[in-house]
Visitor: 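Submitted below is the structure of interest, expressed as structure tokens.
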Amino acid sequence: MKLVFLGRLEDLAGGSSRKVPLAPSIDAVLDGLDPALASALREPRVKLAVNGILLQDTDAPVLKDGDEIAFLPPVSGG
């Protein structure tokens, strides 16, 4: 699986993307990351997209090998 980090999350992750082993859920993916990064990615305002589809709060996708999970930071500005 590929994780993609956008905006300030890229700085926290130390790069724009990384490969991780297949996990059964997004929570399991996050559990395998550095605790500080996982905590930042779990913030309520961080949005997730799996294979380009933005997830809603109640979505629980079945992850497959080769999936891409993108983490989008909150948008600010006006």
Side-chain angles (χ1 to χ4, degrees):
M1 296 178 51
K2 180 179 181 182
L3 306 182
V4 176
F5 307 100
L6 303 173
R8 69 174 181 83
L9 299 174
E10 181 179 347
D11 293 334
L12 289 172
S16 62
S17 67
R18 69 173 64 169
K19 298 275 186 184
V20 296
L22 178 63
S25 67
I26 290 175
D27 276 336
V29 170
L30 295 176
D31 288 344
L33 300 175
D34 173 75
L37 176 58
S39 177
L41 297 176
R42 284 187 167 109
E43 288 181 10
R45 294 180 55 205
V46 172
K47 301 296 182 193
L48 301 175
V50 175
N51 299 324
I53 299 171
L54 195 61
L55 301 183
Q56 301 300 317
D57 293 334
T58 58
D59 287 342
V62 175
L63 299 175
K64 300 177 294 303
D65 196 28
D67 280 352
E68 178 181 276
I69 303 172
F71 297 90
L72 299 85
V75 177
S76 62

Visitor: Find out whether D67 and K2 are in side-chain contact, i.e. whether some heavy atom of one side chain is under 4.5 Å from a heavy atom of the other.
Guide: no

Visitor: Does the side chain of L63 reach to within under 4.5 Å of the side chain of I69, using non-hydrogen atoms?
Guide: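 In short, these two side chains touch, coming nearer than 4.5 Å.
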
Visitor: Using side chain to side chain contact (heavy atoms under 4.5 Å, CB included), reason through L41 and L3 one step at a time and then give a plain yes or no.
Guide: CA-CA 11 Å; L41 297 176; L3 306 182; 5.9 Å; no

Visitor: Measuring only between side-chain heavy atoms, which start at C-beta, is F71 closer than 4.5 Å to V4?
Guide: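 Of all side-chain heavy-atom pairs linking V4 with F71, none is under 4.5 Å.
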
Visitor: Which heavy atom in R45 sits nearest to a heavy atom in P74, and how many Å separate them?
Guide: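 Looking at all heavy atoms of both residues, the shortest contact is NH2-CB, 3.3 Å.
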
Visitor: Do L55 and K47 come within less than 4.5 Å of each other through their side chains, counting heavy atoms only?
Guide: no

Visitor: Can you give me every donor-acceptor pair (side chain of residues 5-18, partner residue at least two apart or in another chain, under 3.5 Å) with its distance?
Guide:
{"residue": "R8", "atom": "NH2", "partner": "E43", "partner atom": "OE1", "Å": "3.1"}
{"residue": "R18", "atom": "NH2", "partner": "A13", "partner atom": "O", "Å": "2.7"}

Visitor: Rounded to the nearest 0.5 Å, how far does CZ of R42 lie from CD1 of I26?
Guide: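 Atom-to-atom, I26:CD1 and R42:CZ are 10.5 Å apart.
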
Visitor: Can you measure from CD1 (I53) to CD (E68) and round to the nearest 0.5 angstrom?
Guide: 12.0 Å

